[in-house]
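Scroll down for the structure; my scribbles are underneath it.
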Amino acid sequence: MSATNPFVHVDNVAKRWNGQLGVENISLSIPRGSFVALLGPSGCGKSTTLRLLSGLELPDEGTIAIDGRDVTNAAPSDRNLSMVFQSYALFPHLNVAENVVFGLKVRRVAAAERREKLHRALEITGLLGYEDRKPGELSGGQRQRVALARAIVANQPLCLMDEPLSNLDAKLRASVRKDIKKLQTDLGITVVYVTHDQTEAMSMADMVVLMKDGHIQQAGPPEELYYRPANTFVAEFVGAPPMALIDGAALPGVGGAARVGLRAENVTVAEPGQGRLSCTVADCEFLGSETFIGLSHPAASGLTVSLPGLRHIPAGEKMEIAFSDKDLHFFDAAGQRLADPAGQPAFTDG
């Protein structure tokens, strides 16, 4: 679907509790078949937004439409969606097969159809042969796959996921992350996925919606948030390491911006007397293929240079760095993005 006729449309939605802000002025257009990540720190409003989409909360203002139908005040059961939760929400006394088809039994789906849908869902999620096991006999990753299988048999065009991988260890998260993305692509469903983990959001989503304090800071493809952050919050939240921010007064001749942003991959080590900034080494972080050298400078925060392989440079050693103006990002005193001195954005596609 085009952006003018979105599958999910949220228009100026607000939710408050006893006058306290939950979310404010939330507007989103989500195309059919897309994978959208709601990203942000704890308390930013991303789970509240998901609950508003699901019908578990009703908005104080604004409207929500799914597939062209106004569902602003509709019950969750009337929204044609499925949900996958952080807690798995499995019945401990039921086996895998019974957990997966529980909703179908409640809706009185015929036994033959239940068996067919169960087999397909277990095949897709790699759970064939586990039908008779109870949740307590499964690993965390297998329990999450049961929850995914239950969402698959529901056969709904929209699936909402609330931090489904946060209970898994790092290696398992990476594995299940690929499973979820493949499922979404193979089934052609629309997924709205809540996470505080930028790696999940950037690697899985077609569109990332970054939130802070109940407001959307920026929504767009992952590469747009990375290469063209709308403000300094986006710049520092997206990317590992985050974008460094430099006082504009420390960089004369770059357009008079209050703050200037710089990514680690755009920083190079310069010969003494040839750099644009003279810094002090603060720390080294070895990651296998590269080492991140953290630098300190009185007019900058988060300065990092990436060097290939293993490098160990003692803390306190002086290091001069260089960078090109074309790689700089410019922000005003309020932290909002500016055009570069030539009037063009610092990032262009291609």
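Keep in mind that the numbers below use all heavy atoms, side chains included, and drop hydrogens, waters and symmetry copies. As the structure is a computational prediction, the values presented were derived from the model and not from experiment.
Met207 CE to Ser29 OG: the interatomic distance, rounded to the nearest 0.5 Å, is 8.0 Å. Residue Asp11 holds its CG atom at 11.5 Å from CD1 of Ile26, rounded to the nearest 0.5 Å. Interatomic distance, Gln218 CD to Arg337 CZ, rounded to the nearest 0.5 Å: 8.5 Å. Note that the CG atom of Asp327 and the OH atom of Tyr227 stand 10.5 Å from one another [nearest 0.5 Å].
Without hydrogens or angle criteria, Arg263 side chain to Tyr226 main chain gives a donor-acceptor distance under 3.5 Å. Within the 3.5 Å criterion, the main-chain N or O of Gly273 finds a donor-acceptor partner in the side chain of Glu320. Between the side chain of Thr48 and the backbone N or O of Gly22, no donor-acceptor pair lies under 3.5 Å. In terms of modelled atom types and a separation under 3.5 Å, the side chain of Lys46 and the main chain of Leu210 share no donor-acceptor contact. The closest donor-acceptor contact from the side chain of Ser289 to the backbone of Leu287 lies at 3.5 Å or more, if one exists at all. At distances below 3.5 Å, not a single donor-acceptor pair connects side-chain atoms of Arg259 with backbone N or O atoms of Gly335. Remark: the backbone N or O of Gly33 is paired with a side-chain donor or acceptor of Gln184 at under 3.5 angstrom.
Between Val8 and Val192 there is no side-chain heavy-atom pair separated by less than 4.5 Å. By the 4.5 Å heavy-atom criterion applied to side chains, Leu81 and Thr190 are not counted as neighbours. A 4.5 Å side-chain heavy-atom check between Met319 and Val269 finds at least one atom pair inside the cut-off.
A search for side chain to side chain donor-acceptor pair (under 3.5 Å) contacts involving Ser203 returns Arg177, not counting sequence neighbours. Take Phe323 and apply the ring-ring contact (aromatic ring centres under 6.0 Å, His included) test, not counting sequence neighbours, and it matches no residue. Residues forming a side chain to side chain donor-acceptor pair (under 3.5 Å) with Glu24 (at least two apart in sequence, or on another chain): Arg16. Residues passing the salt bridge (charged side-chain N to carboxylate O under 4.0 Å, His left out) test with Arg150, sequence neighbours excluded: none.
Defined by atom type and a distance below 3.5 Å, a donor-acceptor pair is present between the side-chain atoms of Ser306 and Glu290. Defined by atom type and a distance below 3.5 Å, a donor-acceptor pair is missing between the side-chain atoms of Asp197 and Thr195.
The two residues Val146 and Leu90 have their closest heavy-atom pair at CG1-CD2, 3.7 Å. In terms of heavy-atom proximity, Ile64 sits nearest to Thr72 at N-OG1, 2.9 Å. Of all heavy-atom pairs between Cys284 and Thr291, the closest is CB-CG2, 4.2 Å. The nearest pair of heavy atoms linking Leu39 to Cys44 is O-SG, 4.4 Å. Between Pro92 and Pro135, the closest heavy-atom pair is O-CD, 3.7 Å. The two residues Leu245 and Gly261 have their closest heavy-atom pair at CD2-CA, 4.0 Å.
Within a 6.0 Å sphere centred on CZ of Arg107, heavy atoms belonging to other residues, nucleotides or ligands number more than 12.
Contacts classified as ring-ring contact (aromatic ring centres under 6.0 Å, His included) and involving residues 171-206 (residues at least two apart or in different chains) are given here: Phe35-Tyr193. Among residues at least two apart or in separate chains, salt bridge (charged side-chain N to carboxylate O under 4.0 Å, His left out) pairs with a member in residues 111-131 are Glu113-Lys117.
Using a 4.0 Å cut-off between a side-chain N of Lys or Arg and a carboxylate O of Asp or Glu, Arg276 and Asp325 qualify as a salt bridge.
Screening His297, Glu317, Lys318 for a side-chain hydrogen bond (donor to acceptor under 3.5 Å, both in side chains) involving Thr280 leaves a single residue, Lys318.
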